[in-house]
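Naming convention: chains lettered A, B, ... in sequence-line order (proteins, then strands); numbering from 1 in each chain.
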Amino acid sequence: MTTALAFHHVDILFHRTNSAGPLAEAMRRLDQGGTREEIARDLGVTVGVADASLDIERGEISVLMGLSGSGKSTLLRAANGLNKVARGEVRIGNGLAHVDIASCDAETLRDLRKTRIAMVFQQFGLLPWRTVRDNVGFGLELRGMAPAIRREVVDEKLELVGLTRWADSYVSELSGGMQQRVGLARAFATDADILLMDEPFSALDPLIRRKLQDELLDLQRRLKKTILFVSHDIDEALKIGNQITIMREGRIVQTGRPDDIVIRPVNDYVSAFVRHMNPLPVLNAGTVMRRLDQAARLDDGRVALDPAGTYGLDPATQQVTRRDGVPVPVERMPADDPATAPIQPGTIYRAPVACSLQTIAILRQRSGLPVLIDDGDTLAGLCDDTDMIGAMIGIPRAALP
Amino acid sequence: MDGLEHWITTHKIPVGMVMAKVVDLIRTHCLGLFNAISDVVGFCADGLTNLLLDVPSLLLVALFAAGAYGWRRSIGLAALIALGLLFIINQGYWQDTMATLSLILFSTLACMLIGVPVGIAAAHRPWLGRTLHPVLDLMQTLPTFVYLIPTLILFGLGTVPGMISTIVFAIPAPIRMTQMGIASVPRGLIEAGESFGATPSQLLWKVELPAALPMIQAGLTQCIMLSLSMVVIAALVGAGGLGVPVVRALNTVQVDTGFESGFAIVLLAIMLDRLCRPKGSSR
């Protein structure tokens, strides 16, 4: 894995006249542990971002999360120079060497913006006097690409986002979701390897938002861009992010994999953030399950699958039998969507550790029995109602009396 | 008390004298330049008037109506222009109307050629905008007759001083509207341009100017209307056109001539306004 985009101790400061004196003083005060409020009150300097360091790997979707005013958009906009970095480096891998966006000259910055970094805006940022096709071709036009070649590229990108039929419409004739697809196509058109997405779906209604998230994930599987994504919606962040960064008052509080953030929040702020998410699609069977060696045993040494001890699992043979000796069928989870696939009530299903809590819950509901969890080919654990409810509300079984 | 008043009146600040000196200085040192401007502008404006008058009037009416239809795709507008011009011919003011039309076309052209770049510069440089603001106010509030005097001295009698005064009076409109239009381009559009690597000139031509176009067009319409309102004053310094019969009617107290030429001016104003107003506006 290589780092495509890296922030290195980045401070972003705003001052009415941007004069050097107050900014330098503000940085000194930051180093001494001065708070945002103090610096704003005494110096008139707004601290957008303080001491932010973050590495984003090639091909990953990294999500910046936080409340409004937390500095997440401010940090994103430093990645293409829309916000000036007061101190620190923003490095973009450029072939073998790195270019520092924060200190490069205007010509280099323009080149990077034309070829390496593209941006998608919350309010779309489309030019209303241009047709969809001319909006998508905007970046290529700025680069000076010949109209015939441009048209070819643009039509290909329009097909990618499913807007071929609308190529000659004006953007004002399109719905919000379609307008943002134009924004996506415009960003894809320059073939930039880094995409900056500043709350791209926040202005859309929830149904369309979910649809565009799915489309983005689908496109990402094919295009493998490096994406820096700003969101204030924890469910959105957990759904699309490979890496999530929580920001608060201009500082990075925690960076990690989605399940890291959910299971191991570094402080109360992060856990408060995570508390209101929908855990079903995020948590996986591996984190929810009870390991077999921790499960209760029946008198004969078999693993008890339910509190009443009606079902027993023999770990050696992987056979399940009822208390009265009748064997219970055990099957692997069907490959199709478990919500619609044929699920036999009275059968115990085995699901891989990577599948989501959502899937496990559906299997449990439709079969009427606990679900066994496989790690590779070996049985690793089981999930019953108490395990699942515990994971959802954050109170594990072990904490129960 | 009397002594103080006497002192104030005897120590007059030489405002008028300084302005007179400045004009005099310009006249002695730049007369050649002003003569040249006068010749070129006069030649163009009179040339256009003569060209318009060389074409048979009914043919020109048809051409104007067809042109209006081709430009705005509106039967109503074409009909309005045809009927309006026929009415003017009927009242006997065709030649004056053509002279006024060419005067307005030229002064508007000059206003836009100077005003739009100045407005863009003022929008990009806040200090220039702030400096320009009182100057533009002065140009529009200073009674027109006042600067008619120096233009008369510098350019002599005829079409040119009328046109220069018209330009001085009308140019604040395109400057202001362009400045406002460029300054009010949504921040998001500018950032979209910047984030895809636009150079400053690409940003101007591909983002700012198209976004400001409706405002600039409104400035054009205002400019034309302001020019029309100067027609009578221009006639006072010898410019031809519809102002001439108005001035004559005023001097000889002829109500009929006054209203006939007045209506011709109004009709011309309505036709030009309908032609130039931004597309799709219902104002």
Side-chain angles (χ1 to χ4, degrees), chain A residues 17 73 76-84 101 106-131 134-145 170-172 179 182-183 186-192 194-199 203, chain B residues 71-73 112 116 119-120 123-131 174 177-221 276-283:
Chain A
T17 58
S73 286
L76 172 107
R77 291 155 54 87
N80 68 350
L82 283 182
N83 281 347
K84 210 174 157 322
I101 285 267
E107 188 62 37
T108 314
L109 180 60
R110 267 202 295 276
D111 274 352
L112 286 171
R113 284 167 167 180
K114 276 179 192 161
T115 55
R116 298 291 312 281
I117 325 164
M119 187 159 175
V120 181
F121 297 85
Q122 181 178 6
Q123 298 302 333
F124 317 141
L126 301 174
L127 308 177
W129 57 88
R130 285 174 171 240
T131 60
D134 290 345
N135 263 293
V136 173
F138 181 60
L140 302 174
E141 188 182 321
L142 293 179
R143 211 191 276 176
M145 184 184 272
Y170 285 88
V171 284
S172 58
Q179 290 192 28
V182 179
R186 177 174 68 177
F188 290 137
T190 61
D191 279 324
I194 299 172
L195 291 187
L196 306 177
M197 309 185 90
D198 190 358
E199 302 208 32
Chain B
W71 164 235
R72 303 305 292 256
R73 299 275 148 203
M112 296 309 280
V116 172
I120 293 170
H124 286 161
R125 297 166 189 76
W127 63 266
L128 182 61
R130 280 195 299 275
T131 320
M177 295 302 264
T178 306
Q179 182 187 356
M180 219 186 319
I182 298 279
S184 62
V185 176
R187 189 83 208 117
L189 294 191
I190 305 273
E191 285 182 348
E194 283 180 340
S195 70
F196 283 95
T199 60
S201 81
Q202 282 177 325
L203 208 56
L204 177 67
W205 287 102
K206 292 184 191 290
V207 178
E208 292 180 300
L209 279 177
L213 196 63
M215 289 285 257
I216 296 175
Q217 217 168 351
L220 170 69
T221 314
C276 295
R277 75 169 40 165
K279 278 181 187 173
S281 100
S282 54
R283 180 175 51 94

- Message: What I'd like to find out is whether the side chain of B:Glu191 reaches to under 4.5 Å of the side chain of A:Met119, using heavy atoms alone.
- Response: no
- Of all the heavy-atom pairs spanning A:Gly125 and B:Ala192, show the shortest one and how long it is. O-CB, 3.4 Å
- Output the distance between atom OG1 (B:Thr199) and atom NZ (A:Lys114), rounded to the nearest 0.5 Å. 6.5 Å
- Report the distance from atom CG of B:Leu209 to atom CH2 of A:Trp129, rounding to the nearest 0.5 Å. 9.5 Å
- Looking only at atom types and distance, does a side-chain atom of A:Arg113 sit under 3.5 Å from a main-chain N or O of B:Ala198, one as donor and one as acceptor? no
- Item | Nearest non-hydrogen partners of B:Ser195 and A:Phe121, listed with the distance | OG-CZ, 3.5 Å
- Contact origin within A:Arg77 toward chain B - heavy atom pairs under 4.5 Å: side chain
- Looking at B:Gly193 and A:Phe138, what are the two nearest heavy atoms and their distance? CA-CE2, 3.7 Å
- What closest approach, in Å, do B:Phe196 and A:Ala118 show between heavy atoms, and which atom pair accounts for it? CE2-CB, 4.0 Å
- Message: For A:Leu126, which atoms come within 4.5 Å of any heavy atom of chain B: side chain, backbone, both, or neither?
- Response: backbone
- Output the option from A:Leu127, A:Asn80, A:Leu82 having the highest count of non-hydrogen pairs under 4.5 Å with chain B. A:Leu82
- Task: Kindly write out the residues that satisfy salt bridge (Lys or Arg N to Asp or Glu O under 4.0 Å) with A:Arg130, not counting sequence neighbours, or none if the list is empty.
- Result: A:Glu141
- Message: Need one label for A:Ile117: side chain, backbone, both or neither, based on atoms under 4.5 Å from any heavy atom in chain B.
- Response: backbone
